[in-house]
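Data first, discussion second: the structure below is written as structure tokens.
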Amino acid sequence: MSDTRTDSTSDGPQPALLDDYLEKLRDPADKLLAAALRDGTFRLAVQCSRCGTWLVAPSSVKRHLGPVCARHAQAQAGVA
């Protein structure tokens with residue numbers, strides 16, 4: 001039989017036990033990501049939709065275009 005470790009006064013497992021259970025299920029890559037988020041060393045990077053270069057600047061990430069490609073796109077839009 002399984003041991004659910006529930007308190008008779010509650011409807012489910014204790015929060016600390018639930019955290020322990022979820023920690024066992026967590027993938028090692030998820031643990032690394034969580035540590036990077038806690039440490040502030042995580043940076044979101046996306047690829048430029050025009051040239052494929054990796055972008056990390058917040059404004060570039062938001063528009064999915066690097067600064068050079070954004071200028072090229074503006075120039076093409078002005079010509080067309």
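Small disclaimer: the values here were computed from a predicted structure and weren't measured. Hydrogens, waters and symmetry mates play no part in the numbers below; they use all other heavy atoms, side chains included.
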Original post:
Among all residues two or more places apart in sequence or in another chain, which pass the side-chain contact (heavy atoms from CB on, under 4.5 Å) test with Ala35?
Top reply: Arg38
Original post:
When rounded to the nearest 0.5 angstrom, what is the spacing between OG in Ser49 and CG in Leu65?
Top reply: 4.0 Å
**OP:** Calculate, to the nearest 0.5 Å, the distance between atoms CD and CZ belonging to Gln76 and Arg50 respectively.
**Re:** 4.5 Å
Original post:
With a cutoff of under 4.5 Å between side-chain heavy atoms, which Ile, Leu, Val, Met, Phe, Trp and Tyr residues group with Leu55?
Top reply: Leu44, Val46, Val61
Subject >> Whichever hydrophobic residues join Val56 through chains of side-chain contacts under 4.5 Å >> reply: none
Heavy-atom pair of closest approach, residues [X] and [Y]:
X: Arg63; Y: Ala70; value: NE-CB, 3.7 Å
X: Cys69; Y: Cys51; value: SG-SG, 3.7 Å
X: Ser60; Y: Gly66; value: OG-CA, 4.0 Å

